[in-house]
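Since the structure comes first, as structure tokens, the remarks are kept for the end.
We count residues from 1, following the sequence as given.
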Amino acid sequence: AFNEFLRKEKLFFFTKLHPKSKVKAKFEEIQYSNIININSDVDPYTFLKEVDILVTDYSSIYSDYLFLSIVNHLVNIYFSAFNHFLNQVE
């Protein structure tokens with residue numbers, strides 16, 4: 001359904017996982033016309049300024065995206081789980 005929406009609206013959704021992601025192999029198997037997985041070894045800063053919407057986890061790339069003066073929104077879903085994870089790591 002999501003890919004069909006993208007196709008009808010002539011949009012593309014690019015995914016790029018962290019190079020050490022455990023689901024990297026699974027994402028490489030996914031084949032859709034308008035959902036494209038970018039190789040995790042590609043430097044995201046080479047195309048960041050071309051991105052209209054950034055969906056990210058709690059990553060430094062979000063801060064870098066802010067500096068590009070692009071309209072953005074931050075949704076803190078799973079913030080409590082992320083905060084709990086950080087407390088476990090320390």
Any chance you could measure [X], atom [atom1], to [Y], atom [atom2], to the nearest 0.5 Å?
X   : Y   : atom1 : atom2 : value
L6  : K8  : CG    : NZ    : 11.5 Å
N37 : Y32 : CG    : OH    : 12.5 Å
K26 : L17 : NZ    : CG    : 13.5 Å
F2  : L11 : CZ    : CG    : 8.5 Å
T15 : I38 : OG1   : CD1   : 7.0 Å

How far apart are the closest heavy atoms of S40 and P19, and which atoms are they?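 The pair with the smallest heavy-atom distance is O-CG, 3.4 Å.
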
Are V51 and F12 joined in one hydrophobic group, where the rule is that I, L, V, M, F, W and Y side chains link up if heavy atoms are under 4.5 Å apart?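 Yes, it is one cluster - the side chains of V51 and F12 are joined through contacts under 4.5 Å.
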
Should I61 and V42 be regarded as members of a common hydrophobic cluster, given that ILVMFWY residues are connected when their side-chain heavy atoms come within less than 4.5 Å of each other, either directly or indirectly? yes

Would you say F13 and N3 make side-chain contact, with heavy atoms under 4.5 Å? no

Contact check, side chains of K16 and F47, non-hydrogen atoms, under 4.5 Å: yes

What do the steps show when you test N34 against F5 for side chain to side chain contact (heavy atoms under 4.5 Å, CB included), and what is the final call? CA-CA 9 Å; N34 291 56; F5 165 79; over 6 Å; no

Heavy atoms from other residues, nucleotides or ligands near NZ of K24 exceed 12 (cutoff 6.0 Å): yes

